[in-house]
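One structure below.
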Amino acid sequence: MAERTFLPSKLRNIGIMAHIDAGKTTTTERILFYSGKKHAIGNVDEGNTTTDWMAQEKERGITITSASISFDWKGHRVNLIDTPGHVDFTVEVERALRVLDGAIAVFDAAAGVEPQSETVWRQADKYNVPRIAFMNKMDKMGADFDMSVESMIKKLGANPLVLQYPIGAENEFEGVIDLLEMKAIRWKDELGLEMEYGEIPEELVEKSEELRDELITKLADIDDEMLQMYLDEEDIPVNKMKKIIRKGTIEEDFVPVFCGSAFKNKGVQPLIDAVVDYLPSPMDMPPVEGWFNGNKIERHPSPDEPFCALAFKNMADPYVGKLTYFRVYSGKLTKGSYVYNSTKNIKERVSRLMFMFADKRKDVDYVEAGDIVAGIGLRATKTGDTLSSEESPMVLESIVFPEPVISIAIEPENRDAETKLENALTRLVDEDPTLKVSTEEESGETILSGMGELHLEIIIDRLKREFKVPTRVGRPQVAYRETITVPIDTEGKYVRQSGGRGQYGHVRIRFEPLERGQGIVFENKIVGGVIPREYIPAIEAGVREALTSGSLGGYPVIDIKATLYDGSYHEVDSSEMAFKIAASMAVKEGLSKGKPILMEPIMELEITTPEEYMGDIVADLNSKRAQILGIDTRANARIIKAYVPLGEIFGFATILRSLSQGRAIYTMKFSHYSKVIQKFADKVLNRE
């Protein structure tokens, strides 16, 4: 079993976040190598990295699922989560940041702040996660450190604190200048194991002194003693500066900036030093807040307080079954003991506790405040649930995930595999809260909804490989509706005589179109007992049942009023069934005479985009029969509001990403049904 030797003050729970292809996974590989956790360096291109362990990650060279690993560095234990950069897997970043204390933001030095960098930065802002920045790929063509730092100010509103400056760039990048020690650092060997401190190159002395002056000024802004030392022109000890940098980083006054090339094995060790020196331990974080029975409760990161943890991820492991990842905020939990899920009000037994190393596991006897671990046995626990002691229950703020934006219809290639598909989808939805499964009532199709086309593509691939369920996929059918446009009086008469007791039902019904959104209204205006009261419910049931299939394309009928005003009955032959059939006959006749029209679902769309992409987006919306409701300004972005037919909007997430370089986002919800213009109605009804 793993020994527990690290106090909470010696723990660092951090994540690596960035735009796709900025080098997060490569940086993680180098960190593991230099910390002695790995004896060889893995590369994304070769598909042999530790954290990209899924088959789909190896093939595509991208991170899909966040992987948790641990390593030791200079007397500290670092729990690190490598998160995806692709917008389709934003859920992985969201739930990781919810439970982390700090983060490394990796940037491509040739591109600076990229669209998804903005997204993950805002997510970190939401959870108040202190950050350090690493300008990676200084060896890349076009690498520009100053531009990258400036982009942090312009695009993120960040306050960068430059602690390193590159020596050279592109193929001339050879090392970094440490602005605290005022020394040049170069890496002597190809693997970057030997670091050499030396004098700053003459051509960079002036620039370095200028940057150090800026650095000291920023530190003096948050520390009065430092300000006085600066004014008195005293020598400021490096240790003193490090303490102030740590304080300012944790309080998010600024973001320390480092640089290097992870791929070329330069700049990684000082970055790990910075994690230990500047990012917070669990002890530096404020007490976690929760609620129970309307009372606010606080827990400090101490093993002596009652147990409290947040489950942030479920995963199906082929060897041990369901793994539940959780962050322990207070107290202690021993394997084999019971834990109280205060979100669901149930007790569960944790049979095993493990520290994770990507897809590998290491059993431990107990976990305590500050740990990020995985447990086995928590069958009912979902992402966002709070685990606590039953004697001192509390519920932490859960994790809110974005709604899915794209859907596909899915069915197994083999009808015998329907139950297998259902079980597989249940497990996948348990893992991924942004994945939704529903059944289209009219068509009976299983609809799979997710964050983007790549997201769904990966799920389909996993169904085939992991769960052995090959599937057929297609676009989901649009849920069209029908209605009438003119009032019509109609009659339904059902008479059957075949020896013995017959069947007799006779109704007269008036159908009228209603305003949008009124649904189906049934009104009984029978007077004088021309139809006995006991048959009225059967007539209404017959009307409503018949309205589920219209006369144009068999779509449900909406926004219609049916008024029963006359009819007749037979004392012996009338029955509920006869009147139900008569009502159905009246509906069929009435609908065809009421000048029926096809209706389509209209979605209310709100798009937030930088101004430079607005023209292209509006043009695309116009091509989709959209009705632009208005364009507002919010901060430096434009908000476009529009109504758009659902049938035109499938795949819009990908189109919008392409039009805006991934910087525009949108929300969409159902608004109402509206008439389909004849040209498109004919297409839907196959008249063309």
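Keep in mind the model is a prediction, meaning the values are calculated, not measured.
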Do the side chain of [X] and the main chain of [Y] share a donor and acceptor less than 3.5 angstrom apart?
{"X": "Thr26", "Y": "Gly23", "answer": "no"}
{"X": "Asp371", "Y": "Val373", "answer": "no"}
{"X": "Arg379", "Y": "Ile376", "answer": "no"}

So does Glu29 pair up with Lys24, basic N to acidic O under 4.0 Å?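 Not counted as a salt bridge, because no side-chain N and carboxylate O are separated by less than 4.0 Å.
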Between Arg12 and Asp101, does at least one N-O distance fall below 4.0 Å, as a salt bridge requires?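 Looking at Asp101 together with Arg12, the answer is no, because their closest N to O distance does not fall below 4.0 Å.
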Among Glu174, Glu194, Glu196, which residue meets the salt bridge (charged side-chain N to carboxylate O under 4.0 Å, His left out) test with Arg186?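 Considering Glu174, Glu194, Glu196, a salt bridge (charged side-chain N to carboxylate O under 4.0 Å, His left out) with Arg186 is found only for Glu174.
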Please report the C-alpha distance between Arg427 and Glu431 in whole Å, then the side-chain angles of each, then the deciding distance to 0.1 Å, and finally whether the salt bridge (Lys or Arg N to Asp or Glu O under 4.0 Å) criterion is met. CA-CA 6 Å; Arg427 286 175 65 182; Glu431 277 187 29; over 6 Å; no
Test Asp385 against Lys382 for salt bridge (Lys or Arg N to Asp or Glu O under 4.0 Å), laying out the working first. CA-CA 6 Å; Asp385 285 0; Lys382 304 281 187 192; over 6 Å; no
Rounded at 0.5 Å granularity, tell me how far NZ in Lys240 sits from CG in Leu180.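 CG of Leu180 is found 14.0 Å from NZ of Lys240.
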What's the verdict on side chain to side chain donor-acceptor pair (under 3.5 Å) for Asn265 and Arg30, showing C-alpha distance, side-chain angles and the deciding distance? CA-CA 7 Å; Asn265 310 316; Arg30 283 8 181 222; 2.9 Å; yes
Given side chain to side chain donor-acceptor pair (under 3.5 Å), test Thr426 with Asn423 step by step and report yes or no. CA-CA 5 Å; Thr426 300; Asn423 293 337; 5.3 Å; no
Geometric cation-pi criterion, [X] with [Y]: 6.0 Å, 45°:
{"X": "Lys362", "Y": "Phe355", "value": "no"}
{"X": "Lys183", "Y": "Tyr197", "value": "no"}
{"X": "Lys313", "Y": "Tyr325", "value": "yes"}
{"X": "Arg131", "Y": "Trp121", "value": "yes"}

Gln269/Trp187 under side chain to side chain donor-acceptor pair (under 3.5 Å): CA gap, chis, key distance, verdict: CA-CA 10 Å; Gln269 295 98 322; Trp187 282 263; 3.0 Å; yes
If we check side-chain hydrogen bond (donor to acceptor under 3.5 Å, both in side chains) with Thr381, which of these qualifies: Thr324, Thr343, Asn341?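 Passing option: Asn341.
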